[in-house]
Amino acid sequence: MTDRRKFIKVGTIGSLALITGTSCQETEEIKEEITGNVNAVKPIAISTWNHGVHANEAAWKILAKKGSALDAVEAGVRVTESDPENMSVGLGGLPDREGKVTLDACIMNHNNECGSVAFLQEIENPISVARKVMEETEHVMLVGEGAKQFALSQGFTTKNLLTEAAKKEWQKWLETSQYETIINSENHDTIGMLALDKEGNLAGACTTSGMAYKIHGRVGDSPIIGAGLFVDNEVGAACATGVGEAVIRVAGSAMIVELMRQGKTPQEACEEMVNRIISKHKNIDGLQVGFIALNKRGEYGAHSVYAGFNMAIKSNQNDDLIDASYENEWD
Ligand code: GLY
C-alpha cells in the first residue's frame, strides 16, 4: 500500500503539484505555507463515493460564489438524495426488509449547531428537514412519524420513495432473505460531505437510506452527531460511511476531530479510527467502514477498512475522484 496511500497522504499538496507541475522543492514550500496556515486551501468540498462528484458540483456553485459551507453541503447532498438511480440515499434507496424506505440524515455548522432526522419516511430530502430541526427547533434530533409531521409542518410534501427498480431488488432479496452488508464502489451507502468556505468556516452533511434490508426501525450512524458526522470549527470535520453499527461503537467522526485537535493530519486521524474499528471487533469480515476528514487548512484524508472506498474532491486546484487508502483487500 501503496501508491494509493501515498497519493492520499499528500492530499491537496500532491494534487496541486500534479496540476501545476511544480517541483518537489516548490511543493515543499507550498506544504509549509499550508501548514503555517498562510495559504489554506479554501473553499473546498470533499465527499464520499463516486456520487460525491455530482454532489460536489452543486456545492461548488455555492462555494465559488463565496457562499457558506452550510448552504453548500445541504445543496450538494440533496443532489444525491433526489437521484432515483442511486440505491443507497433518498429517493430510490433500497428498502428495509418490510419494503419500507427509511431515511437518516444530519447536518452540522461552524457554531456546533446541528440537526438530525432518523427513520423518516416519504420525504425526499431528509437533509433539509435536518437543517430545519437545527434552525427552527430547540432540539437536535427528530425520528419517525414525529420527524415526518414536523417536515410537513415546514412545508415538505410526501412522495413514494420506493422506485420500481428498488422494489424489484427487494423482491429478489426476499427469495433468500440473507442479510449481507457488502459495501463497495458499486454497492455503497451514505453520502457524507464536508466543506470549508471562503470565510474559513466548516460544515458537514450526511444522508442515507441505510443498510439495505435492515430490520424495520433500525437506525445507523448517519443521523448520529459524533458517529456519522462531526464538525468543530476550531479544528476540522469528519464523516463516515459503511456499516453504521461499527461507526457508532467507536464514536468515529467525533474521535477523528479530536485526533486532529491533538495534531494528527486528517489522513492520520482517519487511519487511526479505521484501525480502532478493526481492533474493537472480533470479526471484521465484510465490515466495511470508510472515513473522510477535512481540517481548517483545507487538508483532507480518507481511509477505509477494505479496498474500494473513494472520495470526491473539489477546490480551485482540484476536481478529482480518488481511491482511498485501506487496510484489507476483499477475499
Ligand atoms: N452508514 C450508513 C448506515 O449504516 O446506515
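Along the sequence shown, residues are numbered consecutively beginning with 1. Start at 1 and go down the list; that is how both ligands and their atoms are numbered.
Close approach to Gly242 involves these atoms of ligand 1, each under 4.0 Å from a residue heavy atom: 1 (N), 2 (C), 3 (C), 4 (O). Atoms of ligand 1 lying under 4.0 Å from at least one heavy atom of Asp221, given by number and element, are 1 (N), 2 (C), 3 (C), 4 (O). Applying the 4.0 Å criterion to heavy atoms of Gly210 picks out, from ligand 1, the atoms 5 (O). For ligand 1 and Met211, the ligand atoms under 4.0 Å from any heavy atom of the residue are 4 (O), 5 (O). Proximity to Ser222 (heavy-atom distance under 4.0 Å) selects the following atoms of ligand 1: 1 (N), 2 (C).
Of the polar atoms of Thr190, at least one N or O is found under 3.5 Å from an N or O of ligand 1, judged by distance alone. Of the N or O atoms in Glu245, none lie within a sub-3.5 Å distance of an N or O in ligand 1. In terms of polar-atom proximity, defined here as any N/O pair under 3.5 Å, Val243 makes no such contact with ligand 1.
The nearest heavy-atom contact from the protein to atom 5 (O) of ligand 1 is Arg218 NH1, 2.6 Å. Closest to atom 2 (C) of ligand 1, if we only count protein heavy atoms, is Asp189 OD2, 3.0 Å.
Asn233 and Asn201 share a side-chain donor-acceptor pair at under 3.5 Å.
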Evaluation steps, salt bridge (Lys or Arg N to Asp or Glu O under 4.0 Å), between Asp71 and Lys61: CA-CA 10 Å; Asp71 287 343; Lys61 283 187 186 148; over 6 Å; no

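Using a 30° and 60° split on the angle between ring planes, His216 and Phe119 fall in the perpendicular class, above 60°. Using cut-offs of 30° and 60° on the angle between ring planes, the pair Trp49 and Phe309 is perpendicular.
No more than 12 heavy-atom neighbours from other residues, nucleotides or ligands sit within 6.0 angstrom of CD on Glu234.
Contacts of Phe150 classified as ring pair (Phe, Tyr, Trp, His ring centres under 6.0 Å), with partners at least two apart in sequence or in another chain: none. Every side chain to side chain donor-acceptor pair (under 3.5 Å) that Arg249 has, sequence neighbours left out, goes to His281.
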